[in-house]
Novice: 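Here it is: the structure, laid out below.
Chain A is the first sequence line, chain B the second, and so forth, proteins listed ahead of strands; every chain is numbered from 1. Atom set for the values below is all heavy atoms of this structure, side chains included, hydrogens, waters and symmetry mates excluded.
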2 protein chains.
Amino acid sequence: MAKYKDIADDIREKIKNQEYTFGQKLPYEYVLCMSYHCNKETMKKALDILVKEGLIIRRRGAGTFVKDYDSSIENATNKFARGLTAKYEGIKEVTSQVLEFEVIPADEHLSKKLQIEPGDFVYHIIRLRFLDKKPHLIDISYMPISLIPNLKLEHLKGSVYEYIEKVLKLKIQSCHLTINAALSTPLEQQYLELNEYEPYIQEEQISYLSNGAIFEYTLARHHYADFEFQTIVVQQ
Amino acid sequence: MAKYKDIADDIREKIKNQEYTFGQKLPYEYVLCMSYHCNKETMKKALDILVKEGLIIRRRGAGTFVKDYDSSIENATNKFARGLTAKYEGIKEVTSQVLEFEVIPADEHLSKKLQIEPGDFVYHIIRLRFLDKKPHLIDISYMPISLIPNLKLEHLKGSVYEYIEKVLKLKIQSCHLTINAALSTPLEQQYLELNEYEPYIQEEQISYLSNGAIFEYTLARHHYADFEFQTIVVQQ
DNA sequence: GAGTGGTCTAGACCACATC
DNA sequence: ATGTGGTCTAGACCACTCT
């Protein structure tokens with residue numbers, strides 16, 4: 001683990017524990033560098049992480065200040081996991097009901113999304129996911145079998161991500177998200193308790209491994225009333 | 001403008017012009033440093049921008065590769081502007097109809113969102129925004145009058161951001177976005193052509209200036225069928 | 001082992017904010 | 001004028017991938 005990430009973790013904790021409180025000016029760069037025994041560039045990398053998470057703001061000529069914690073979002077790793085692994089804070093129990101689990105050849109559309117050849121075999125998985133026993137989203141997933149061998153029903157009941165990272169030792173590197181909405185079909189009406197003529201909200205997710213391969217194309221469909229997505233955009 | 005941003009701009013152009021094409025390996029760091037006359041760290045900063053934009057992927061021990069351009073999103077500056085200035089590609093005409101323009105004292109809720117004192121005066125603006133003459137979203141905005149003096153009706157018909165950046169010479173630094181949905185009220189039903197019992201999708205946006213002040217709290221309400229939002233999450 | 005990216009440092013110099 | 005962050009460099013060393 002890189003030093004700058006450790007420093008970011010440490011300062012993040014201090015903000016969360018209100019050792020540094022809203023509006024407070026942090027010690028300036030030189031002092032922080034001294035206390036963490038690091039170089040200025042390293043400290044900047046650390047603080048830039050917190051800037052991207054919306055925890056602090058840095059102003060040339062003025063200083064570094066703690067932002068309103070409530071308006072910031074969880075750190076990028078958690079945000080990253082949000083789509084499917086459902087690490088929802090304060091909610092104890094995440095369960096899944098597997099509605100479909102089969103292997104099919106990729107059609108034209110799928111082969112483009114997954115950057116594979118048409119006809120290559122992929123898992124086709126539909127899961128209904130519950131938070132505290134309340135149906136929360138329908139999750140339609142496609143993954144190339146060549147990348148994710150030996151996927152079993154039991155993995156689907158827990159976290160597929162855990163299987164990929166802990167068992168297969170693959171690293172998830174990035175994902176491309178698109179959020180939109182569409183009128184519900186009987187599938188969503190049945191499981192998300194939507195009425196006819198009511199839309200669902202969909203997160204389309206294309207996920208990359210650290211080796212550059214796309215391992216997943218997922219459509220997560222939510223009840224519109226349950227959906228929330230947060231992000232922070234920082235001018236470069 | 002920083003050198004690393006210039007280099008990123010240059011390489012981004014080469015990818016968009018397909019001088020570097022999908023899947024292609026870029027020259028490795030040393031060669032790029034030579035041709036741009038810069039240091040390794042500077043080149044890394046440049047390439048990291050493109051990684052965050054989803055244009056390239058970097059793999060330690062392997063190289064730097066161009067991602068599928070179609071699946072990447074417009075650069076951060078455009079994405080940043082997306083919320084309100086509506087630089088929608090391929091669409092010629094963005095117009096606004098001002099439904100409400102008044103100054104009110106901030107209530108408890110607003111004062112928290114804008115981080116001002118309750119009672120401080122704020123603009124309250126409701127606009128209906130059209131893309132190519134089609135009603136596209138309703139935009140409910142609150143801005144402290146102390147930060148944005150002399151806002152006129154004419155500014156609302158064009159881009160408020162342009163007034164803030166070009167006339168007031170203030171810099172917009174970051175914004176916090178929250179996307180959710182809620183059942184439409186008569187306001188949305190009337191202007192977005194929604195039926196009763198149909199939801200709208202809302203982008204809540206809290207925007208910061210480079211001096212750390214919050215200058216805007218906006219609710220942009222979209223017809224659910226028109227809404228799309230893209231983002232890329234990269235593991236740190 | 002060779003190729004390639006990632007991190008860290010010391011120090012120089014620049015840009016902006018505030019007084 | 002002083003305080004503070006931002007950028008850039010040269011060079012060292014480390015970590016991962018490929019084969």
Side-chain angles (χ1 to χ4, degrees), chain A residues 1-9 11 24-52 55-67 165 168-174 208-213 234-236, chain B residues 1-11 24-52 55-67 147 165 168-174 208-213 234-236:
Chain A
M1 182 75 145
K3 191 170 182 175
Y4 71 92
K5 288 178 191 169
D6 290 336
I7 297 172
D9 287 347
I11 298 178
Q24 188 180 343
K25 187 171 171 174
L26 257 61
Y28 68 102
E29 228 167 35
Y30 177 73
V31 173
L32 285 172
C33 290
M34 294 300 281
S35 67
Y36 285 102
H37 306 291
C38 75
N39 184 269
K40 193 183 169 185
E41 287 276 23
T42 303
M43 184 51 67
K44 178 160 165 50
K45 279 188 191 171
L47 294 175
D48 275 352
I49 291 175
L50 304 180
V51 167
K52 274 173 228 139
L55 288 168
I56 60 173
I57 188 166
R58 310 199 77 197
R59 295 166 48 201
R60 181 185 287 200
T64 299
F65 303 86
V66 180
K67 262 191 184 178
E165 294 196 308
L168 297 180
K169 306 280 185 204
L170 297 170
K171 270 195 190 160
I172 298 167
Q173 205 263 349
S174 66
Y208 291 76
L209 296 174
S210 63
N211 67 9
V234 179
Q235 196 82 286
Q236 278 179 346
Chain B
M1 181 76 149
K3 192 170 180 176
Y4 71 91
K5 289 178 191 169
D6 290 336
I7 296 172
D9 288 347
D10 193 73
I11 298 178
Q24 187 180 344
K25 187 169 170 178
L26 257 61
Y28 68 103
E29 229 168 31
Y30 177 74
V31 173
L32 285 172
C33 290
M34 296 299 282
S35 67
Y36 284 102
H37 304 291
C38 74
N39 183 270
K40 193 182 170 186
E41 287 277 23
T42 303
M43 183 53 66
K44 177 157 168 52
K45 279 188 190 171
L47 293 175
D48 275 352
I49 291 175
L50 303 180
V51 167
K52 274 174 229 138
L55 288 169
I56 61 174
I57 189 164
R58 311 200 77 198
R59 294 167 49 202
R60 181 188 287 200
T64 299
F65 303 86
V66 179
K67 263 192 182 174
L147 288 175
E165 294 197 307
L168 297 180
K169 307 279 185 204
L170 297 170
K171 270 195 190 160
I172 298 166
Q173 204 262 349
S174 66
Y208 291 75
L209 296 173
S210 62
N211 67 9
V234 179
Q235 196 81 284
Q236 279 180 346

Novice: Of the residues in residues 39-49 of chain B, which ones touch DNA chain C at a heavy-atom distance under 4.0 Å?
Specialist: B:K40, B:E41, B:K44
Novice: Rounded to the nearest 0.5 Å, how far apart are CD of B:Q235 and CD1 of A:I172?
Specialist: 7.5 Å
Novice: Return the set of residues passing side chain to side chain donor-acceptor pair (under 3.5 Å) with A:K45 (not counting sequence neighbours), or none when no residue passes.
Specialist: none
Novice: Angle between the two end axes of the helix from C:dG1-D:dC18 to C:dT18-D:dA1, five base pairs per end, rounded to 10 degrees?
Specialist: 20°
Novice: Once side chain to side chain donor-acceptor pair (under 3.5 Å) is applied, do any residues pair with B:K3, and if so which ones, sequence neighbours excluded?
Specialist: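 None.
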Novice: Which is the 5'-most and which the 3'-most nucleotide of DNA chain C that has an atom under 4.0 Å from a heavy atom of chain B?
Specialist: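 Nucleotide range in contact with chain B: C:dG3 to C:dT9.
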Novice: Salt bridge (charged side-chain N to carboxylate O under 4.0 Å, His left out) with A:D6: which residues, sequence neighbours excluded?
Specialist: none
Novice: Counting the atoms with a prime plus P, OP1 and OP2 as sugar-phosphate, which does A:K25 contact under 4.0 Å by heavy atoms, base, sugar-phosphate, or nothing?
Specialist: sugar-phosphate
Novice: Do the charged groups of A:K44 and A:D48 touch, with an N to O distance under 4.0 Å?
Specialist: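 Yes, this pair counts.
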Novice: Return the minimal non-hydrogen interatomic distance between A:I56 and A:L47, and the atom names on each side.
Specialist: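 Closest approach of A:I56 to A:L47: CD1-O, 3.5 Å.
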Novice: Where do A:T64 and A:K25 land on the side chain to side chain contact (heavy atoms under 4.5 Å, CB included) test, with the steps shown first?
Specialist: CA-CA 6 Å; A:T64 299; A:K25 187 171 171 174; over 6 Å; no
Novice: Which atom names give the shortest non-hydrogen contact between A:A46 and A:A8, and what distance separates them?
Specialist: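 The answer is O-CB, 3.6 Å.
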Novice: Taking only residues two or more places apart in sequence, or in another chain, which ones meet B:N211 in a side chain to side chain donor-acceptor pair (under 3.5 Å)?
Specialist: none
Novice: If you assign B:P27 and B:S210 each to the DNA chain C nucleotide with the nearest heavy atom, which residue ends up on the more 5' nucleotide?
Specialist: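 Taking each residue's closest nucleotide, the earlier one in sequence belongs to B:P27.
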Novice: For residues 26-36 of chain A, please give each side-chain donor-acceptor pair under 3.5 Å, one per line with the distance, not counting sequence neighbours.
Specialist:
{"residue": "A:E29", "atom": "OE2", "partner": "A:R58", "partner atom": "NH1", "Å": "3.3"}
{"residue": "A:E29", "atom": "OE2", "partner": "A:R58", "partner atom": "NH2", "Å": "3.2"}
{"residue": "A:S35", "atom": "OG", "partner": "A:L32", "partner atom": "O", "Å": "3.2"}
{"residue": "A:Y36", "atom": "OH", "partner": "A:D10", "partner atom": "OD2", "Å": "2.4"}

Novice: Residues from residues 57-64 of chain B sitting under 4.0 Å of DNA chain C, heavy atoms only?
Specialist: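 Within residues 57-64 of chain B, the residues near DNA chain C are B:R58, B:R59, B:R60, B:G61, B:A62, B:G63, B:T64.
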Novice: Checking B:L147 now: which residues fulfil side chain to side chain contact (heavy atoms under 4.5 Å, CB included) with it, not counting sequence neighbours?
Specialist: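 Testing B:L147 for side chain to side chain contact (heavy atoms under 4.5 Å, CB included), a comparison that skips the adjacent residues, returns B:P144, B:A213, B:F215.
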Novice: Looking only at non-hydrogen atoms, find the nearest pair between B:I7 and B:C38 and report the distance.
Specialist: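 Heavy atoms only, the tightest pair is CD1-SG, 3.8 Å.
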Novice: State which residues pass side chain to side chain donor-acceptor pair (under 3.5 Å) with A:N39; sequence neighbours excluded, sorted by chain then number.
Specialist: none
Novice: Are any of the side-chain nitrogens in B:K5 or B:D9 under 4.0 Å away from the carboxylate oxygens of its partner?
Specialist: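 Salt bridge absent between B:K5 and B:D9.
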Novice: Shortest non-hydrogen contact from B:Y4 to B:T42?
Specialist: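 Taking every non-hydrogen atom into account, CB-O, 3.6 Å.
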Novice: Let's see if you get this right: which residues in residues 29-38 of chain A place a heavy atom under 4.0 Å from DNA chain C?
Specialist: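 Those residues are A:H37, A:C38.
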Novice: Between A:A2 and B:L26, just flag the one whose closest nucleotide in DNA chain C comes earlier from the 5' side.
Specialist: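 Its nearest nucleotide being more 5', the pick is B:L26.
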